[in-house]
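Quick note on labels: first sequence line is chain A, next is B, and so on, each numbered from 1.
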Protein chains: 2
Amino acid sequence: MEAIIEKYKKSGVKLTPQRLAIIKFLEGNTSHPTADDIFKSIKKDYPTISFATVYNTLEMLKTNNGLVEVTINPERKHYDPNVETHHHAICKSCGLIVDIFTDFSKALGVVEDEVSGFVFSGNHINFYGRCGDCTSERDS
Amino acid sequence: MEAIIEKYKKSGVKLTPQRLAIIKFLEGNTSHPTADDIFKSIKKDYPTISFATVYNTLEMLKTNNGLVEVTINPERKHYDPNVETHHHAICKSCGLIVDIFTDFSKALGVVEDEVSGFVFSGNHINFYGRCGDCTSERDS
DNA sequence: TTCTAAGTTAAGAATGATTCTACTTAACGG
DNA sequence: CCGTTAAGTAGAATCATTCTTAACTTAGAA
């Protein structure tokens, strides 16, 4: 946490209590929250916080490589504090997003020769299916 | 084309000139158009067409498995008439989306054992990078 | 510790893609 | 050619996200 704070300070960013609360909420968070999830959570401690602040902070974190947008649900953006390459399992029934850390770099590398002209810098896999809860619910 | 028309007729949908124009525009189209792209294109022949018709038709096609939404750009949906499993190369500079038909099923299959409870039914890979045009443009 | 420049907050307006509504029009089986 | 019923249109509504502006903090400097 301390290290994170130092990192942002150095980039000329001011760390307000609201921002610290958002950073703390996100740190290690694997729930892939939306802006609204974050807003609701922070509002408990900072009742006057506005969406502008949430979006401003998310933008700042994105710029400083502290966050990535997860574009899975076309209705709203999800945010992921894990900026390392990883993949997602997505439940088509309830929308649950679970991280997958398997390394597929070897298998995916072959593509680099197959798409004319492209220079690749990253990849992301979505695995679609049905989560455990939704599977057992349907069975019952 | 004839086969496609028969398929939709059987499912109780009415094939209007507007719908046929949209189906024709999409058939074999690999440009991953947005609703606005489709609207603009169809408007040339049907100047009174409305967005409601475009969206209605896209919804109908989706329901009848004639189309998939491509959720890559959080600002707007793209549509892809190719409903078979395939992947996408995405230019981070200009937004170009190119299809990739390499089969990764063997390499990706291992995941099914690694995410507890999930039952998977499909997957999609996004390869991020820079397309040929944007690469040479930056170099020059 | 105090001052100050510059960045941040909050509220609400603005934007823009997509969806909905109400009503008119057209498709198509009989 | 009719009647039923889906589809078309225009415009309003929705909703996530972005923008605007004035008042307020932060953090480094004095």
Could you check Ser121(A) against Lys92(B) for side chain to side chain donor-acceptor pair (under 3.5 Å), going step by step and ending with a plain yes or no? CA-CA 10 Å; Ser121(A) 54; Lys92(B) 292 190 292 186; 2.9 Å; yes

Parallel, tilted or perpendicular: rings of Phe127(A) and His87(A) (30°, 60°): perpendicular

Table please: side-chain donor-acceptor pairs of residues 56-63 of chain A below 3.5 Å, with sequence neighbours left out.
| unit_1 | atom_1 | unit_2 | atom_2 | d |
| --- | --- | --- | --- | --- |
| Asn56(A) | ND2 | Ala52(A) | O | 3.4 |
| Thr57(A) | OG1 | Thr53(A) | O | 2.8 |
| Glu59(A) | OE1 | Lys62(A) | NZ | 3.4 |
| Lys62(A) | NZ | Glu69(A) | OE2 | 2.4 |
| Thr63(A) | OG1 | Glu59(A) | O | 2.9 |

What residues from residues 43-62 of chain B pass a heavy-atom cutoff of under 4.0 Å to DNA chain D? Thr48(B), Ile49(B), Ser50(B), Ala52(B), Thr53(B)

Should the pair His124(A) and His86(A) be assigned to parallel (<30°), tilted (30 to 60°) or perpendicular (>60°) ring geometry? perpendicular

Is there a donor and acceptor pair, one atom on the side chain of Lys14(B) and one on the base of dT5(D), closer than 3.5 Å? yes

Find the distance Ile23(A):CD1 to dT26(D):C1' and express it as a whole number of Å. 14 Å

Report the residue (Val13(A) or Gln18(B)) whose heavy-atom-nearest nucleotide on DNA chain C is the more 5′ of the two. Val13(A)

Atom-pair distance (CZ on Arg76(A); C1' on dC15(D)), nearest Å: 9 Å

Between dA6(C) atom P and Leu15(A) atom CG, what is the distance in whole Å? 19 Å

Kindly calculate the angle separating the two end axes of the helix from dT1(C)-dA30(D) to dG30(C)-dC1(D), each obtained from five base pairs, and round it to 10 degrees. 30°

Distance, rounded to the nearest Å, where Arg19(A) contributes CZ and dT9(C) contributes C1': 9 Å

